[in-house]
Peer 1: 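Can you read through this structure? Questions will come right after.
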Amino acid sequence: MGRKAADTRGNVRIARKFMYARLLLIFVMVLAAFIGLMVRIVLLGKEKGDAYEKKVLAQQSYVSNVVQYKRGDITDRNGNKLATSIKVYNLIIDPKLVLSDEKFLKPTADALNKVFGITQKKLEEILEEKPSSHYYVMEDFKHLGSKSVNNFEKLQEKNKYIKGVWFEEEYIRNYPYSTVACDVIGFCNSNEEGAWGIEKENNSSLNGSYGRRYGYYDQGLDLVQTVKPAVNGNTVVSTIDVNVQGIVEQHMEKFEKETGSDNIGCIIMNPNNGEIYAMASYPCYDLNNPRDLSDFYSKKKLAKMSEEEKLEKLNALWRNYCISDSYEPGSTLKPVTVAAALDEGLTAGDKYYKCDGGQQVADRYIKCVAHARGGHGYTTICQALMWSCNDVLMHLGSKLGKTTFLEYINNFGFGHRTGIDLPGEASGAIFTENTMGPVQLATSSFGQSQTVTMVQMAAAFSAVINGGNYYQPHVVKEITTETGAVVSSNDNMLVRRVITEDTSKLLKSYLYKTVSEEDGTAKPARVKGYEIGGKTGTAEKQPRGQGNYLVSFIGCTPAENPEVVIYVIIDEPYVEDQAHSTYATEFASDVMKDVLPFLGIYPDTSKANQKKNKTSKSKIKLPSTKDGRFIEAPKGGFSNKDYGVAGQ
C-alpha cells in the first residue's frame, strides 16, 4: 500500500515537470515571435514608412470647420447697399501633412514667403509646436483678400509639392456709407449677430444656415472635398432713401457746427403708408467701427474713463433719439386737439374765440404766448393754429373734456409704442382719467405736461393730414431671398381711422395758412415753388423758468395732397434766447429744398402757383352763430387790435 502511494506521487512530479517545460517552450516561442515582429516593423518603417503613412492619411476622414453663410444685405429703397457681408479668407496650415514628406517643406515654405512674407523659420516653428495638428490658424493672416489667395493657389497649381496650406472662407460685415443712417441700420457684434437697429430687429431673417465641408486625402495626399453648401440670409429692403438720409445728416452737421444744440432729430416719412425715408439724430457714428470714441473724446479724456463710463458713452452714442427719447412736444400737438374738437362737432371754421392773454384754470392762471400784448383778441381756430394761441386751445380742451380728449390722444398713438420695426422704442407718458385734472387738461391741450416721442408725433401728424388714417411707421419695406423672391412685405400698415376726411381737409388748409400767410408762425418753413403746410412748437422744458426750450417744426408738402412729412426737433439750441421755433422751421426749409427732388416732388414754377403762394394778411370772416364759449363778432367787425398778433 505504501509503495503504491509513493509511485503515484512520483508520477505527479514527472507530469508537473513536463507541463513546466511545455510552458517554457511556448513562452520562448512567443517571445521570439514578438521580437521577430518588432524587428520586422522597424525594418518596414525604414523601408516603406512614408508609403504606409500616406495610406493611413488617405484612409483618414478629414472634416473642416463649418461653411459660413453670407449674412443678408440691407439696402435702401432703391437697392443701394447699406450693409453687406464681404468674403474674406483665413490662412490655415496643416502641420501634419507638411511633415508627412520631406519634399513638401521647402516648396511650401517658399510659396508662403513669396505671397505672404512668412519665413521658413516661422513655418518650422509652427510645425515643431503642432506636429500632429491638421488645423492651425495663422492669426496674423486672417481676413485676406481674394487677390493674395489667388496668387498662392496659382503657385499650388504649378508645384504639386506645395502641401498643407488652405484657406478658410469667412464673411465680415461692411457698411459702404459708413455713418449714414447709423441710427436705423445698427451694427453687428463680433459673432456677426445684430446688436442694434435693423440688424438686430431682423437678425433671424438676415442670418442663413451653416454648411459643412467633408474631405479626405487621396494617395497623392491631395485633399478631396465634398461640400454641403451654406444657405445665405435674406435681403432686407428698407424704406430709407440713402440720398435723402445723407442730405439730412449733412444739414445736421452744418447746424451743429454753426449753432449747436443738446440734440437734434429729424424724421422724413410718407404720410400715406408710414414708410420712413430718413431718420437721424446727432452725432452720427461709424458703423464699421461703432465702438470707437476717439472722434468724440480726446485721448486724455478716454484714458481717464473707466470701462463702465466708456460703455455709458457708447450707449448714448448708439441711442436713436427719434424713437427712444420722450419729451413735451409743445404746439406741434395743437393740430391733434383742433382735429378732435372738429371731429366731435364742438367747433367750426367760422367760430370765434376771444384770447385775452390767458385763462384762470383751477388755482392757477395759465398764460397764452401773446399774454404780454393782452392776447390775440378775437380768433378763429385757423388763426389759433397760425398764431399758436394757447388760450383758444384751452377752450377746446375744456369743451372736449378729459374723457374724449384722452380717447383721441390714445387713438392718435400717444402713450404707447407705435410698433415701429426698430429696437429701443419708448412709449412716452400721458395722463389717465384718474390723473388728469383741469390744469393737466388745459396744458395738455397745447402740448405741455404729457410726453411723446418723435416717431409718435410724425405718425399722428400724418393721420391728421392724410385723410384721417393712422399708419404704423416702419423702416423695412420688404424682405426678399437672394434671388429676389419676396418673403414678406409691409405694403399695408393701416392701423385705424382716427378722424374724418372732412376734418383732415380743414386741418390741411389751416396748416397751409400757418406757413403761407405773412402772420403765420411757420412762415420761415416756406420753400420756393412748393406749397408747405405745418406747425411750429416751442416747449419749455422741466424745470420751468430755467430758459431751456425744445423747438420744433412739423410739416408736409404738397399742402393739399401731402406726399411727404418732415419733423424737426432742436433740443436746447446753443443761443442766448432759445424760445424761437425759427431755428427748426429754417432747418426744415433748407432740408426740404434739397431732398424733395430726390423724392420725385418738384417745384411748381407756374405763374398760377406763384400767385397762389403770394402772402397776404389773413382775412377775418364774421361768425354766423353764438354758442357757449364762441364769441360773436362786435358791430362793425374786428379791428387789428381785436385779433392781436402772432405767437410761437
Side-chain angles (χ1 to χ4, degrees), residues 50 53-71 85-174 188 190-193 208-232:
D50 290 345
E53 186 173 358
K54 289 180 180 181
K55 287 183 179 180
V56 171
L57 283 171
Q59 292 170 1
Q60 288 180 342
S61 63
Y62 182 94
V63 180
S64 76
N65 287 349
V66 294
V67 177
Q68 178 70 44
Y69 60 80
K70 180 179 183 291
R71 186 174 173 88
S85 291
I86 298 174
K87 183 184 286 188
V88 293
Y89 302 87
N90 299 329
L91 178 58
I92 310 297
I93 303 293
D94 187 336
K96 189 168 185 177
L97 179 55
V98 177
L99 291 170
S100 67
D101 193 319
E102 62 183 12
K103 297 177 182 178
F104 297 161
L105 178 59
K106 187 67 168 62
T108 303
D110 290 344
L112 287 171
N113 183 261
K114 183 176 182 179
V115 178
F116 301 109
I118 300 171
T119 64
Q120 182 169 331
K121 182 181 178 181
K122 177 63 177 177
L123 177 60
E124 289 174 346
E125 289 175 357
I126 294 169
L127 300 179
E128 185 178 350
E129 181 185 351
K130 300 285 184 179
S132 301
S133 174
H134 279 300
Y135 182 83
Y136 183 90
V137 181
M138 298 292 288
E139 291 295 334
D140 293 335
F141 296 90
K142 297 179 72 174
H143 300 172
L144 300 171
S146 59
K147 184 178 180 180
S148 57
V149 172
N150 291 338
N151 290 339
F152 190 88
E153 289 177 343
K154 287 178 182 178
L155 294 178
Q156 284 181 309
E157 292 173 1
K158 293 178 181 179
N159 191 336
K160 65 179 182 179
Y161 294 114
I162 300 175
K163 299 288 186 180
V165 179
W166 55 284
F167 300 94
E168 182 180 62
E169 295 179 359
E170 190 179 342
Y171 289 94
I172 57 173
R173 205 63 167 161
N174 178 260
C188 290
S190 58
N191 296 322
E192 291 297 290
E193 295 289 319
S209 57
Y210 293 104
R212 186 170 289 276
R213 182 182 289 107
Y214 304 90
Y216 63 92
Y217 290 106
D218 61 15
Q219 293 292 339
L221 292 183
D222 291 318
L223 184 61
V224 179
Q225 297 185 3
T226 300
V227 179
K228 177 187 175 184
V231 177
N232 293 334

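We're numbering straight along the sequence, starting at 1. Just so we're clear, the structure is a prediction, and the values are computed from it rather than from any experiment.
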Peer 1: What is the ring orientation for Trp166 with Tyr135, classed by angle as parallel under 30°, tilted 30 to 60°, or perpendicular over 60°?
Peer 2: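 Because their plane-to-plane angle lies in the 30° to 60° range, the rings of Trp166 and Tyr135 count as tilted.
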Peer 1: So how far is it from Ile93 CD1 to Lys122 NZ, rounded to the nearest 0.5 Å?
Peer 2: 10.5 Å
Peer 1: With a 4.5 Å cut-off on side-chain heavy atoms, are Gln120 and Lys106 touching?
Peer 2: yes
Peer 1: Between His143 and Asn90, what is the shortest heavy-atom contact and its length?
Peer 2: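 Minimum heavy-atom contact is N-OD1, 3.0 Å.
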Peer 1: On a heavy-atom basis, which atom in Ser148 and which in Val115 lie closest, and how many Å separate them?
Peer 2: O-CG1, 3.5 Å
Peer 1: Less than 4.5 Å apart, any side-chain heavy atom of Tyr89 and any of Glu168?
Peer 2: no
Peer 1: Within the 4.5 Å heavy-atom criterion, are Leu105 and Tyr161 side-chain neighbours or not?
Peer 2: no
Peer 1: Parallel, tilted or perpendicular: which one describes the rings of Phe152 and Phe167, with boundaries at 30° and 60°?
Peer 2: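 Rings of Phe152 and Phe167: perpendicular, as their planes differ by over 60°.
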Peer 1: As an exercise, state the distance from CD of Glu157 to CD1 of Ile162, rounded to the nearest 0.5 Å.
Peer 2: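 Reported to 0.5 Å precision, the distance equals 10.5 Å.
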Peer 1: Taking Lys70's backbone N and O only, do any of them form a donor-acceptor pair with Asn232's side chain (distance below 3.5 Å, no angle check)?
Peer 2: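 A pair under 3.5 Å: yes.
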Peer 1: Any side-chain heavy atom of Phe141 sitting closer than 4.5 Å to one from Ile118?
Peer 2: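 Contact flag for Phe141/Ile118 side chains = yes.
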Peer 1: Looking only at non-hydrogen atoms, find the nearest pair between Ser133 and Pro95 and report the distance.
Peer 2: O-CD, 3.0 Å
Peer 1: Are more than 12 heavy atoms from other residues, nucleotides or ligands located less than 6.0 Å from atom CD of Glu129?
Peer 2: yes
Peer 1: What pair of heavy atoms forms the shortest contact from Tyr171 to Val88, and how long is it?
Peer 2: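 That would be N-CG2, 4.5 Å.
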Peer 1: Quick check: do Lys114 and Asn151 have side-chain heavy atoms less than 4.5 Å from each other?
Peer 2: no
Peer 1: Given Ser85, which partner from the list Glu170, Arg71, Arg173 fulfils the side chain to side chain donor-acceptor pair (under 3.5 Å) test?
Peer 2: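 In the set Glu170, Arg71, Arg173, the residue that makes a side chain to side chain donor-acceptor pair (under 3.5 Å) with Ser85 is Arg173.
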Peer 1: With a 4.5 Å heavy-atom cut-off, do Lys142 and Leu91 have their side chains touching?
Peer 2: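 Answer no - side chains too far apart.
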Peer 1: So does Lys103 get a backbone contact from the side chain of Asp101, meaning a donor-acceptor N/O pair under 3.5 Å?
Peer 2: yes
Peer 1: Donor-acceptor pair, distance only, cut-off 3.5 Å: does the side chain of Asn159 make one with the backbone of Leu155?
Peer 2: no
Peer 1: Which of these, His134, Lys130, Lys163, sits in a side chain to side chain donor-acceptor pair (under 3.5 Å) with Asp94?
Peer 2: His134
Peer 1: Minimum heavy-atom separation for Phe116 to Leu144, with atom names?
Peer 2: CE2-CD1, 3.7 Å
